[in-house]
Amino acid sequence: MRSFIRAYPTEARLFAVLVAICLFLSLASDSFFTLGNFASLLNNNSVNVIWAVGLLVVLIAGGIDISFAVAASVVQYLCVYAFEAIGGGGWVIGFLVAGGIGITIGFINAALIHRFRIISIVVTIATYNAMFGLLMFITSGRYLYNLPEWWTNRVTIFETQTAQGTWVELALPVAVMAGAMAATWFLIRHTTTGRQLFAFGDNPEGARRAGINIALMQFVAFGWMGLMAGIGGLMQAHIVQEVVPNALIGRELDVLAAVVLGGARLGGGRGSVLGCFLGVLLVAVTQNGLNLLGVSPFAFKMVVGVIILSAISMSNLKLAGLVKVMRGGR
Amino acid sequence: MGAMIQKDDGFDAAKSEPAIRFGHVSKVFGGVRALDDVSFEVGRGEVHCLAGENGSGKSTLIKIITGVYRPEPGAEMEYFGKAETSVTPNSARGRGIAVIWQDLALFPEMTVAENIAFDTLLGIRPRLVSHKGMRDTARAALAKLGVDLDLEARLNTLPIAQRQVVAIARALVSDARLIFMDEPTASLTQAETDHLLAVVRTLSAAGVAVVFVSHRLAEVLEISSRVTVLRDGRLVGVYQTQGMTQSRLTELMTGKTFDTVVGARDTAANRKVLEIENLTRRGEYEDVSLVVRAGEILGLTGLIGAGRTELCHTLFGMTRPDRGTIRLNGKVLTMNSNRDAVAAGIAYVSEDRLALGLVQPQSIADNLVIPVLDRISGADGLISRRKKGDLVRKWLVDLAIKTGRPEDAVATLSGGNQQRVALAKWLATEPKVLILDSPTVGVDVGARAGIYKIVRALADQGLAILLISDEVSEVHFNADRILHMAGGRMIGEYDPRRTTLHELEEAVYA
Amino acid sequence: MRALYARLDKELGTGVIGLVGFLLLVLVVFSLATPQFLTVANFGSMAFQLPELGLLTLAMLMPIISGGFNLAIIYTANISGLTLAWILNQNGGVDAGMPVFLFGSAAAIAVGALSGCVMGLVIAYVGAHPILVSLAMMIFLRGLGEFLTRGGDISGFPDFLHGIGHGFILGIPVPLVIFLAAALVWHVLLNRTRHGFSVFMIGSNIRAAHYSGIHTKRTLTLIYTLSGAMCAIAGILMLTRFNSVRVGHGEALLLVTVLACFLGGIDPFGGFGRVVPVVLALVILQVLSSGLNLLGANQHLSTAVWGLFLIAVMILRWLAATYRSSNRKRE
């Protein structure tokens with residue numbers, strides 16, 4: 001436990017805050033600490049987590065990606081047309097197509113960054129505008145409802161009946177989220193490529209001198225982000241059963257806030273899957289709790305902003321020093 | 001500890017088989033001969049020094065040996081008895097050549113174990129990482145060095161000296177048999193340097209050759225057996241270190257003889273400018289009292305970690321003392337920030353020119369005027385281009401700063417000229433006290449004399465100067481009076497005219 | 001000729017000449033493509049459209065030069081507009097007079113400056129990353145605005161506001177006058193004042209700037225305060241242009257302002273950048289957008305072209321840099 005706190009101080013602190021909020025909400029509201037509420041929290045936030053772990057890999061490698069939410073929308077539209085062209089498809093083809101298109105978009109970003117030595121924030125802001133503009137122009141802002149049935153039919157992966165008789169279920173996106181988290185965790189913790197990503201984000205010049213292939217790092221990071229953007233887009237359309245060109249705009253900044261809240265460092269070299277999950281959850285639980293407490297929905301976001309702001313302020317004050325004092329006193 | 005360092009007297013280059021042997025190495029960059037027919041040889045297990053000023057061709061030579069550059073045709077290259085015609089960074093590493101760069105090239109956010117066993121992570125094809133395997137590899141490498149470190153600690157929680165050990169361990173993991181160390185002692189305290197030298201001796205005994213590449217040879221000279229000196233891309237010679245002195249080496253490196261005359265004068269009668277009494281800041285320095293007089297250069301020496309820089313920070317208003325008083329011209333000073341210090345007439349030339357002393361990417365002109373913005377502002381509150389231009393021209397001339405254009409970035413200047421810019425910037429504030437923290441770090445030996453001359457001239461104009469340095473010779477030849485600081489306290493005062501350099505060095509380094 | 005080029009480059013900021021070339025090229029292409037392009041009406045409409053994005057870009061500019069970011073600009077503008085709208089509505093609504101408007105505008109600027117100031121204080125004194133702080137502020141202000149307006153529009157303002165949003169002074173559209181005045185103030189502020197000088201130094205190396213006696217914390221706070229005030233001016237202008245305030249209005253412009261800054265040669269790492277090339281970049285973006293509009297495309301296609309244009313410019317700059325350094329090696 002102590003070694004966990006030392007290795008992942010931000011995550012540990014975030015976890016403590018989350019537990020405190022949960023405790024408070026459990027006491028303040030009857031409906032918070034229920035299986036049904038937790039299930040809906042997971043169902044509703046799975047897409048954000050999928051994107052968050054994708055963005056995490058880019059942040060670890062020292063980059064940033066603003067374009068992934070738009071990329072997800074592009075994937076959704078291209079998928080609709082692709083499935084139409086092949087006459088239906090199914091989940092396997094769906095994941096392959098969505099993931100493939102996502103990776104392609106990620107590779108375009110990586111190629112621009114690497115080939116022309118443009119920093120990632122400039123490239124992704126450019127591709128954000130280019131993709132969003134083209135998408136809106138070509139689709140004329142049209143919504144698509146006639147998605148294939150396999151895509152929109154709800155898939156339950158786990159269900160149980162509570163003592164009160166209501167059904168609690170976890171849907172497919174939660175399983176995909178778990179898969180994305182596990183895969184990302186495996187990549188960044190247990191493969192040489194993943195550790196190279198950390199090294200590259202931490203000290204690019206040192207990584208280059210050690211003989212790490214820089215181009216590979218950019219393509220892996222942005223390719224992974226693209227993959228997650230595509231899969232997240234597929235899941236989003238599955239949940240809302242429609243495709244709307246500008247529905248995902250703005251989500252990129254919310255996800256970015258959650259990931260950085262979870263301990264990933266802007267500038268590279270630090271971050272964890274657990275942190276991403278906790279970061280997304282902190283925001284979600286806060287909103288959920290405010291909702292249950294009967295606070296006006298319009299006030300949620302305001303409070304979320306305050307929470308993020310105070311979390312940042314807290315984590316930048318020297319809490320490490322506090323830990324040292326505590327350890328010294330033992 | 002320093003006295004215990006033993007010379008590797010038994011080493012005889014002629015008898016030993018060479019680890020590397022290079023002959024007739026030349027390198028031309030765009031018409032300029034960076035290296036001209038240089039030969040270089042290091043024996044197996046030898047501790048060797050490679051000395052030369054900036055631009056002498058040291059780093060070009062290292063880059064050729066490590067396969068980064070290709071030499072001009074005609075060069076002879078031999079690694080551990082095998083002649084080679086072309087070398088790449090990878091093949092050089094495969095032959096057992098490793099470089100520990102001054103900036104270390106480590107990964108601060110990663111663990112000690114990962115840093116040491118980093119080379120096992122390399123390769124394009126993804127593989128599984130064995131965290132346990134890495135720890136074992138790291139532990140074995142550290143054991144070879146006789147060092148124990150927490151393998152799971154993040155590197156950025158370690159002091160610089162331990163990071164250097166990590167870098168050496170990393171070189172060992174890749175089976176290095178010849179390790180270049182670029183300025184290894186620059187940021188180490190004496191105890192840390194001793195430890196490093198002990199590690200080097202362990203390596204040498206195990207048959208690993210070590211080449212020190214350094215400006216500051218006092219420490220490493222002691223355990224090296226030979227020194228190769230380069231100047232202007234040419235080989236000056238290869239010398240046994242036995243009987244070699246720092247000043248002789250300086251002459252070889254620069255090709256000039258310097259008067260090493262003690263410049264001290266009697267300033268005891270001068271007016272007191274800066275007076276410090278019982279200044280204390282817990283954990284940094286304690287009960288420090290000193291006086292600097294008008295026209296006096298007070299030398300303050302001691303090893304790194306003695307509390308010198310911490311004391312400077314307080315005198316410059318950046319930290320607050322727990323106890324004690326600071327008086328300037330008889331008036332007690334309380335400062336809340338370094339802006340108060342500047343306003344009161346205290347200037348501080350930082351030891352870290354790259355990160356703190358100058359804003360490297362910005363222009364020479366802008367760097368010169370940073371602390372005097374109010375002086376170059378007109379009545380309308382705007383910065384006057386005329387006043388700024390006049391000021392910049394004046395200081396470029398006064399301190400003979402050699403520059404193409406004032407709007408060029410400071411980073412384009414040589415170390416010596418950068419230091420002149422840093423001096424000029426503070427002199428422009430018309431200070432009463434000038435604190436110089438290690439003013440010749442990273443300045444070529446040849447360019448140092450110029451800096452000392454400026455400092456002496458400033459003192460002659462009546463400025464009170466506090467000259468801080470861990471190079472004892474620097475304060476000995478340039479200060480009027482010398483204070484010795486250790487463990488955060490003042491432990492001795494010396495008059496350079498009544499003390500020999502040798503005595504002073506004994507006192508400080510012992 | 002070469003000396004003149006170097007001098008212009010130095011006076012106006014690097015890349016100005018390239019941008020002017022681009023502008024001329026775009027102007028010629030559109031003039032040939034459509035007869036409606038070279039008309040007074042078209043230039044008039046461009047002059048009315050540009051200032052909104054322009055003011056917001058100025059608000060983004062100063063934080064970026066200091067090595068930071070302000071992602072809260074749009075909602076700061078919205079909240080400031082809301083302040084003015086509220087004061088107008090509380091004091092007669094449609095019948096409110098000029099003094100009420102002036103007072104409301106002052107209050108709006110104060111609110112914008114205040115929200116910027118809070119961000120600046122957190123960035124300066126807590127040391128948190130500007131992207132994160134401004135992101136949190138953005139989420140907060142968006143929530144606050146939606147809470148106050150319940151997601152709706154606020155309208156019912158006096159008629160004379162129309163004269164500000166759509167009127168002329170000496171034949172120049174009022175919004176353009178406001179924008180040019182603001183750009184001039186920014187230019188002088190950055191290039192001639194102590195604050196501006198400090199902004200550049202902080203952008204390059206904040207610790208070295210601090211060691212050199214610059215009050216870095218105060219400068220940072222002031223940067224975000226001024227940025228917030230500039231957002232407020234944009235918010236007031238938006239109110240007069242649309243005769244209503246809605247939280248979320250102009251949301252799509254957030255990343256366009258960053259795009260304009262990069263296009264105008266602002267160093268993404270901070271420390272370098274000028275106002276003049278950014279204004280030129282804004283004009284180019286506006287010309288592209290208006291020209292495409294006349295050719296029958298909508299705003300979305302313009303957005304796409306803007307993004308592609310930024311990529312093209314960055315690639316050209318890279319080519320120029322590579323060409324220059326290979327030239328230098330040969331010399």
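Throughout, a chain's letter reflects where its sequence line sits, starting with A, and its residues are numbered from 1.
- Contact of A:Arg115 with chain C is made through backbone and side chain together, with heavy-atom distances under 4.5 Å.
- Only the side chain of C:Phe69 has a heavy atom closer than 4.5 Å to any heavy atom of chain A.
- Note on C:Leu255, C:Leu319, C:Leu310: by heavy-atom pairs under 4.5 Å with chain A, the leading option is C:Leu255.
- Using a 4.5 Å cut-off between heavy atoms, C:Leu263 does not touch chain A at all.
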Evaluate the side-chain contact (heavy atoms from CB on, under 4.5 Å) criterion for residues C:Phe262 and A:Ile121: first the C-alpha distance (whole Å), next the side-chain angles of each, then the deciding distance (0.1 Å), finally the verdict.
-> CA-CA 10 Å; C:Phe262 292 154; A:Ile121 192 161; 4.1 Å; yes
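- More than 12 heavy atoms of other residues, nucleotides or ligands shown are found within 6.0 angstrom of CZ on A:Phe107.
- For A:Ala130 against C:Ala304, the heavy-atom pair with the smallest separation is O-CB, 3.4 Å.
- The residue among C:Ile311, C:Leu141, C:Val256 with the most heavy atom pairs within less than 4.5 Å of chain A is C:Ile311.
- Using a 4.5 Å cut-off between heavy atoms, A:Leu309 touches chain C through backbone and side chain atoms alike.
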So A:Val260 and C:His129, side-chain contact (heavy atoms from CB on, under 4.5 Å) or not? Walk me through it.
-> CA-CA 10 Å; A:Val260 181; C:His129 200 293; over 6 Å; no
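- Comparing C:Glu251, C:Met314, C:Arg142, C:Arg150 by how many heavy-atom pairs each has under 4.5 Å with chain A, the most go to C:Arg150.
- C:Phe309 does not touch chain A: none of its heavy atoms, backbone or side chain, sits under 4.5 Å away.
- Looking at C:Val133, the atoms closer than 4.5 Å to chain A (heavy atoms on both sides) sit in the backbone and in the side chain alike.
- At a 4.5 Å heavy-atom cutoff, C:Met119 makes no contact with chain A through either its backbone or its side chain.
- With a 4.5 Å cut-off on non-hydrogen atoms, C:Leu254 touches chain A through its side chain but not through its backbone.
- Contacts between A:Val123 and chain C at a heavy-atom distance below 4.5 Å are absent for every atom of the residue.
- Comparing A:Ile308, A:Ile119, A:Ile249, A:Val306 by heavy-atom pairs within less than 4.5 Å of chain C, the highest count is held by A:Ile119.
- For C:Leu135, the part lying under 4.5 angstrom from a heavy atom of chain A is the side chain only.
- For chain C, the nearby parts of A:Leu134 are the backbone and the side chain; heavy atoms of each come within less than 4.5 Å.
- Counted within 6.0 Å of CZ on A:Arg117, heavy atoms from surrounding residues, nucleotides or ligands total more than 12; the atom is thus considered enclosed.
- Taking NE2 from C:His300 and CG from A:Leu135, the interatomic distance works out to 9.5 Å, rounded to the nearest 0.5 Å.
- Counting heavy-atom pairs closer than 4.5 Å to chain A, the top residue among C:Asn298, C:Leu308, C:Thr149, C:Leu132 is C:Leu132.
- Heavy atoms of A:Ile66 lying under 4.5 Å from chain C belong exclusively to its side chain.
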